[in-house]
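First the structure, in the form of structure tokens, and then the observations on it.
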There are 2 protein chains.
Amino acid sequence: MAQRMPRTPDISVAKCSYSLVLDMISSKWVVLVIYAMEDGPVRYGEFSRRIEGISKKMLTQTLRQLERDGLIERDIHPTVPPAVEYRLTALGESLLPFMRQLKTWAAANLPLVEAARTRFDAQSLAE
Amino acid sequence: MAQRMPRTPDISVAKCSYSLVLDMISSKWVVLVIYAMEDGPVRYGEFSRRIEGISKKMLTQTLRQLERDGLIERDIHPTVPPAVEYRLTALGESLLPFMRQLKTWAAANLPLVEAARTRFDAQSLAE
DNA sequence: GTAAGTAGGAACTTTTAAGTAACCAGTTAG
DNA sequence: CTAACTGGTTACTTAAAAGTTCCTACTTAC
């Protein structure tokens, strides 16, 4: 008895490190932008072309957020049409192993998730 | 030359497994709910008390989503006040190592992120 | 002169996520 | 009789995220 009876909350959004990290990477475009830089620097226009459906506003906004968090760096080459290159910092690269694990998990388990959803939806309909 | 010149987009939200997995876990309460179940089944009311600020609506919604994705299971005990227990499935538990890695990363790197933000904001103000 | 490329910024609208409040059935305690 | 507990549902409102459109300034090609 008297085993784990928390009268006051012990889990909070503001303190949970899961939430803090997820806030950094969980917006719609962040992972795609990081993914694009996996094997080297990428220019603004190249992101635009490679990432399907991203608007200039969302691209700029996503890049600024990543720069603010210290995950990427901006190199401005003052050439005739100015060229701006973005690349991962050491901090940004330290997220890659974690993203690769995510990918491995997805490959193995997303089909199971799909199946669970189908089951759940079928059952909901039946009731 | 002719090295990596994608004329058509090769990165898309709909296909990227990062995005698909993040969709599952990136809502505000999901990680907190999973976290609460880390060391055993938890009842509805216990979630309410332990997770600071969660409303019944968001709790129910989060639990239903996790159940639909096959990450948790519901056990209804038809006792006098009905008791409903939630626990992680094998699929749900398979996410735990990944979440622990996230926590490790956070412990090591969140201070660096904080510092980067402070620098960035100071510089933005100065310009 | 005009269209297209460079890398954005600002204003505005739409869509989605989240929060609030009231209510339900059933039982027990006062 | 009323309040409180169990585990929710429903309707409505608010706040945040994302999308759309038009604009900048400079250069080159047509």
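Proteins get letters first, then strands, A, B, ... in listed order; numbering begins at 1 in each.
Heavy atoms of B/Thr79 sit nowhere under 4.0 angstrom from any nucleic acid atom. Within the 4.0 angstrom heavy-atom criterion, no nucleotide atom of any strand lies near B/Ser48.
Across the protein-nucleic acid pair, A/Leu32 atom CG and D/dA18 atom C1' stand 14 Å apart, rounded to whole Å. At whole-Å resolution of the value, CD1 in A/Ile51 and P in D/dA18 are 14 Å apart. Spacing between atom CG of B/Leu22 and atom P of D/dA18 amounts to 12 Å, rounded to whole angstrom units. Here D/dA16 presents its P atom at 9 Å from NZ of B/Lys28, a figure rounded to the nearest Å. Distance B/Leu59 CG to D/dT9 C1': 13 Å, rounded to the nearest Å. Atom pair A/Asp75:CG and C/dT6:C1' shows a separation of 17 Å (rounding to whole Å applied). Per the geometry, CD belonging to A/Glu46 stands 10 Å off P belonging to C/dA7, to the nearest Å. Going from atom OH of A/Tyr86 over to atom C1' of C/dA7 covers 8 Å, rounded to whole Å.
Look at B/Lys56 and you won't find any side-chain N or O under 4.0 angstrom from OP1 or OP2 of C/dG19. For B/Arg74, a side-chain nitrogen or oxygen approaches OP1 or OP2 of D/dG8 to under 4.0 Å. Considering only side-chain N and O atoms, A/Arg43 lies under 4.0 angstrom from the phosphate OP1 or OP2 of C/dA7. The phosphate of D/dT6 (OP1 or OP2) has a side-chain N or O of B/Arg49 nearer than 4.0 angstrom.
Looking at the side chain of B/Ser55, the nearest of the listed nucleotides D/dA18, C/dG9, C/dT20 is C/dT20. Closest approach to the B/Lys57 side chain among D/dG8, C/dT6, C/dG19 is made by C/dG19 (side chain taken as heavy atoms from C-beta onward). Across D/dG19, C/dG19, D/dG7, the shortest atom-to-atom separation from the side chain of B/Trp29 is found for C/dG19. For B/Arg64, counting side-chain heavy atoms from C-beta on, the closest listed nucleotide (C/dG8, C/dA18, D/dT9) is D/dT9.
A donor-acceptor pair is defined here as one N or O able to donate and one able to accept, closer than 3.5 Å; no such pair exists between the side chain of B/Thr62 and the backbone of B/Trp29.
Here A/Arg64 contributes atom CZ and A/Leu59 contributes atom CG; the two are 9.0 Å apart, rounded to the nearest 0.5 Å. Interatomic distance, B/Asn109 CG to A/Asp69 CG, rounded to the nearest 0.5 Å: 12.0 Å.
Aromatic rings of A/Tyr44 and A/Tyr86 (six-membered ring for Trp) have centroids beyond the 6.0 Å cut-off, not under it.
Between A/Tyr18 and B/Tyr35, the angle of the ring planes goes over 60°, which puts this pair in the perpendicular group of the 30/60° scheme.
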